[in-house]
Amino acid sequence: MKVNVVKSVLKANDLIAENNRDLFRQYRTVALNLISSPGSGKTTLLERTISALKPAQQSVVIVGDLETSRDADRLQPHAYEVTQINTGLSCHLYANQIAQSARDLPLDQADYLFIENVGNMVCPGEFDLGENLKVALLSICEGDDKVAKYPTIFRVADIILLTKMDLIDVIDFDMDRVQSDIRKLNQEAPLMKISVKSCTGFDEWIQWLQDKRESSVGVKAKFVET
Amino acid sequence: MHEFSLIEAMLDQVDTVARENHLDRITDIHLQTGELRQVIPEMMQTAFQSARQGTVAEQATLALTEETGLAECQFCETRFKPMIHDFQCPSCQGTKVRIIQGNDIILLSINGTQKGEGAR
């Protein structure tokens with residue numbers, strides 16, 4: 001017997017992602033999905049970012065890795081609450097994992113939910129988690145050819161961060177090439193050059209987060225007056 | 001590597017459709033892959049061979065059809081065929097586009113047998 005289906009295989013994931021987005025909207029929490037290769041500086045960026053946002057704005061984190069709770073251990077002192085997801089063999093997070101984790105997170109207290117996806121430049125771009133904004137990172141150590149090689153995450157990103165800029169003088173990195181490759185894919189997303197070591201561009205990133213929070217939720221922080 | 005994730009998602013859906021239609025053995029699966037998803041057919045087959053073990057599609061074959069990519073510029077409404085690494089509109093050079101086709105992975109059909117029924 002033949003059954004005509006004609007349905008997206010990502011439909012099941014996308015439906016849960018939409019529910020997640022509704023949930024974040026209800027709580028007025030802005031959810032960001034951080035996507036990049038392993039070692040590009042997601043966790044370090046979050047450590048500094050969450051600290052810089054406090055005390056006016058609180059953050060909760062969901063972090064995905066194949067194994068260990070190392071990232072959660074690092075982020076725990078900074079964030080209001082952190083949940084680590086160990087994905088085992090899966091190279092990205094699914095919307096249902098976010099739905100389950102979000103249930104146990106104090107979203108009512110959180111201005112931001114940072115989702116640190118599994119380090120991978122391909123699959124995380126395929127699976128909607130229900131985030132409001134996608135953040136793509138590329139550390140300059142990875143090479144200036146990566147935007148063209150792994151274009152999808154840069155095309156769908158709401159902001160692109162070039163990280164580890166403090167190393168720019170010791171690495172052969174053709175900035176013009178990267179900017180030109182990004183321009184062919186995504187002229188809407190701001191491109192920020194940052195370093196958490198030298199603090200280059202860091203204030204600009206924090207300002208972007210706060211502006212986005214205000215424009216998407218209407219208020220800068222949930223408990224700004226208290 | 002994303003082929004494995006996509007095949008797993010497909011097999012979940014195959015399993016659901018099989019249950020709904022009381023199929024206990026799937027013989028054929030027809031999947032349409034969007035060009036812009038950068039799916040490698042050989043990798044899809046390899047992933048399928050491994051992931052189908054122990055599922056209702058254990059003995060099924062997988063047929064793949066690719067759908068060409070098509071985008072429409074949000075500024076000047078020009079329709080064009082984007083390249084994976086270049087989404088610039090050929091008319092106005094903008095990159096704010098709506099993808100019309102070629103960005104999805106769609107389960108088109110499955111073929112299977114119901115309990116007590118021979119393969120057709």
Side-chain angles (χ1 to χ4, degrees), chain A residues 1-17 35 37 66 87-96 117-128 145-158 160 177-178 180-189 191, chain B residues 1-18 20-23 25-34 36-39 51 71 74-75 82-89 92-97 99 103-114 117 119-120:
Chain A
M1 184 174 95
K2 185 178 175 181
V3 182
N4 289 314
V5 188
V6 198
K7 240 167 94 177
S8 168
V9 303
L10 298 172
K11 188 92 182 159
N13 182 78
D14 290 349
L15 286 173
I16 300 169
I35 305 175
S37 56
L66 269 62
T87 58
L89 291 174
S90 177
C91 58
H92 62 91
L93 291 169
Y94 289 94
N96 64 353
N117 218 312
V118 179
N120 175 350
M121 286 177 113
V122 187
C123 310
E126 310 262 1
F127 289 80
D128 186 5
D145 55 348
K146 296 301 178 291
V147 173
K149 281 184 172 176
Y150 302 93
T152 304
I153 66 159
F154 298 102
R155 179 169 59 79
V156 300
D158 295 287
I160 299 165
R177 184 189 198 189
V178 167
S180 155
D181 286 344
I182 289 173
R183 246 192 323 272
K184 289 178 196 161
L185 293 164
N186 188 346
Q187 295 162 10
E188 314 301 317
L191 172 67
Chain B
M1 198 172 173
H2 72 154
E3 284 81 359
F4 279 87
S5 302
L6 296 172
I7 287 290
E8 273 181 14
M10 179 198 79
L11 284 169
D12 282 347
Q13 199 180 16
V14 166
D15 188 61
T16 306
V17 176
E20 283 167 3
N21 292 278
H22 313 291
L23 303 175
R25 196 168 73 89
I26 303 301
T27 52
D28 307 277
I29 299 170
H30 192 181
L31 189 73
Q32 177 177 285
T33 61
L36 302 173
R37 285 281 172 172
Q38 286 180 282
V39 163
Q74 300 276 63
F75 297 115
M83 285 180 287
I84 298 294
H85 60 277
D86 191 349
F87 270 68
Q88 261 185 312
C89 168
C92 73
Q93 276 70 55
T95 53
K96 199 171 181 183
V97 302
I99 297 175
N103 198 37
D104 220 330
I105 310 286
I106 294 170
L107 180 62
L108 292 178
S109 65
I110 62 172
N111 216 324
T113 55
Q114 290 179 325
E117 179 194 31
R120 288 181 185 175

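Below, chains carry the letters A, B, ... as their sequence lines are ordered, and counting in each starts from 1.
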Which atoms of [X] are under 4.5 Å from chain A, going by heavy atoms: the side chain, the backbone, both sets, or neither?
{"X": "B:Glu8", "answer": "side chain"}
{"X": "B:Asp86", "answer": "both"}
{"X": "B:Asp28", "answer": "neither"}
{"X": "B:Leu11", "answer": "neither"}
{"X": "B:Ile99", "answer": "side chain"}

Is it the backbone or the side chain of A:Tyr94 that comes under 4.5 Å from a heavy atom of chain B, or both, or neither?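 When you check distances to chain B, only side chain atoms of A:Tyr94 fall under 4.5 Å.
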
Give, for atom [atom1] of [X] and atom [atom2] of [Y], the distance between the pair rounded to the nearest 0.5 Å.
{"X": "A:Asn4", "Y": "B:His30", "atom1": "CG", "atom2": "NE2", "result": "10.5 Å"}
{"X": "A:Leu10", "Y": "B:Asp12", "atom1": "CG", "atom2": "CG", "result": "11.0 Å"}
{"X": "A:Phe127", "Y": "B:Leu6", "atom1": "CZ", "atom2": "CG", "result": "5.5 Å"}
{"X": "A:Cys123", "Y": "B:Glu3", "atom1": "SG", "atom2": "CD", "result": "8.0 Å"}

Nearest atoms (heavy-atom pairs only) where B:Ala9 meets A:Val9: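 Taking B:Ala9 first and A:Val9 second, the nearest heavy atoms are CB-O, 3.7 Å.
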
Can you see which heavy atom on A:Val5 is nearest to which on B:Ile110, and at what distance? CG2-N, 4.3 Å

Do A:Val6 and B:Ile106 have side chains that approach each other closer than 4.5 Å (heavy atoms only, starting at C-beta)? yes

Are side-chain heavy atoms of B:Asn111 and A:Lys2 found at a separation under 4.5 Å? yes

Can you check whether A:Gln187's main-chain N or O pairs, donor with acceptor, with B:Thr95's side chain at less than 3.5 Å?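 Yes, B:Thr95 side chain to A:Gln187 backbone: donor-acceptor pair under 3.5 Å.
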
Contact winner vs chain A - B:Ile84, B:Leu107, B:Asn21, heavy-atom pairs under 4.5 Å: B:Leu107

For the side chain to side chain donor-acceptor pair (under 3.5 Å) test, which of B:His85, B:Gln38, B:His2, B:Arg37 pairs with A:Thr152?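 Of B:His85, B:Gln38, B:His2, B:Arg37, side chain to side chain donor-acceptor pair (under 3.5 Å) with A:Thr152 is met by B:Gln38 alone.
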
Just give me the residue among A:Arg155, A:His92, A:Arg183 that pairs up with chain B most often, heavy atom to heavy atom, under 4.5 Å.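 Top count of heavy-atom pairs under 4.5 Å with chain B: A:Arg155.
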
Distance-only side-chain donor-acceptor flag, B:Ser5 / A:Glu126, under 3.5 Å: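 No - no donor-acceptor pair under 3.5 Å links their side chains.
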
